[in-house]
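See structure below.
In this chain, numbering begins with 1 at the start of the sequence shown. The shown structure was predicted, so the numbers you read here are calculated from the model rather than taken from an experiment.
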Amino acid sequence: MNLAEGVQFVSLGILGVMMIGAAIGVVLFSNIVYSAFLLGGVFISIAGMYLLLNADFVAAAQILIYVGAVNVLILFAIMLVNKRQNFVAFPNSWVRKLLTGIVSVGLFGLLSTMVLATPWAYSAAPVVGGKSSIVLIGEHFFTDFLLPFELASILLLIAMVGAIILARREYLPDLLTPSKLGQTVLTLQERPRELVSTTSEIKE
């Protein structure tokens, strides 16, 4: 094992421990804000693993989309909802915990079997030089797939605005009644006549 392989092995171990610890914190923390921040740590550690696999575009997309958009949107939704009550356990919550544990153990066993059964081998083929994957995907995004790319961005913007409106909807009846909405929101206030007269005299 040369120096590069040793650095990659140590980096993979650090990222793996970071991802598993943050994922456990997401599940175990009772404060939902802390869970959302730890979810961002999980996304960042996954992006680091993508970098170790030379998948630079996937790592950048992981940071920009999941950390910079999805995780931030989750934090905005949590802060806009402003839930003050603590979580109350259901009477039969142990059934859900038991089912969740069984599903988690089954998924862990399935993934472990797949990892052990897969023949992991190093490729001895030489690396062919050329354009970076980011350049190629960017060219396809802005040429062949320009319309779906822009439609997806508009759809995400609409979803974000809808989430904000739904989160702030409960505060509207306390501030303004339906009878006052037509008078204050849909109409403009009149300008004071004294101010209008003074401004007209100044112009003359």
Side-chain angles (χ1 to χ4, degrees), residues 2-23 25-27 32-33 35-81 103-104 106-169:
N2 55 19
L3 181 61
E5 292 180 355
V7 171
Q8 290 181 0
F9 183 77
V10 173
S11 301
L12 180 62
I14 294 173
L15 290 173
V17 172
M18 175 182 172
M19 182 179 64
I20 294 173
V26 170
V27 179
I32 194 169
V33 178
S35 298
F37 277 112
L38 288 176
L39 183 62
V42 174
F43 292 151
I44 292 174
S45 60
I46 293 174
M49 291 185 179
Y50 287 147
L51 285 177
L52 292 179
L53 295 173
N54 294 325
D56 46 3
F57 175 79
V58 182
Q62 178 79 15
I63 295 293
L64 293 175
I65 296 175
Y66 284 96
V67 180
V70 176
N71 198 35
V72 173
L73 185 60
I74 291 172
L75 285 172
F76 272 124
I78 292 170
M79 294 176 181
L80 286 174
V81 170
V103 173
S104 300
L107 288 176
F108 182 77
L110 180 62
L111 291 174
S112 301
T113 304
M114 185 186 67
V115 169
L116 294 176
T118 302
W120 305 99
Y122 292 103
S123 177
V127 179
V128 179
K131 289 186 177 180
S132 175
S133 60
I134 298 179
V135 176
L136 293 175
I137 295 174
E139 290 178 354
H140 285 293
F141 267 157
F142 290 98
T143 54
D144 301 330
F145 303 99
L146 179 61
L147 182 60
F149 182 71
E150 295 297 331
L151 289 178
S153 62
I154 294 173
L155 182 63
L156 290 174
L157 178 61
I158 293 172
M160 183 178 66
V161 173
I164 294 173
I165 292 174
L166 290 176
R168 302 294 294 180
R169 183 179 58 183

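- Interatomic distance, CD of Glu150 versus CZ of Phe142, reported as 7.0 Å (0.5 Å rounding).
- Heavy-atom minimum distance, Gly41 versus Ala22: C-CB, 4.4 Å.
- We find the OG1-CG distance between Thr113 and Leu110 to be 6.5 Å, quoted to the nearest 0.5 Å.
- Contact detail for Ala23 and Val42: the closest heavy-atom pair is N-CG2, 3.5 Å.
- The distance from the CG atom of Leu151 to the CG atom of Leu146 is 9.0 Å, given to the nearest 0.5 Å.
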Please list every donor-acceptor pair under 3.5 Å in which a side-chain atom of residues 49-70 meets a protein atom from a residue at least two apart or in another chain.
residue, atom, partner, partner atom, Å
Asp56, OD1, Ser133, OG, 2.7
Asp56, OD2, Ser132, OG, 3.4
Gln62, NE2, Phe43, O, 3.4

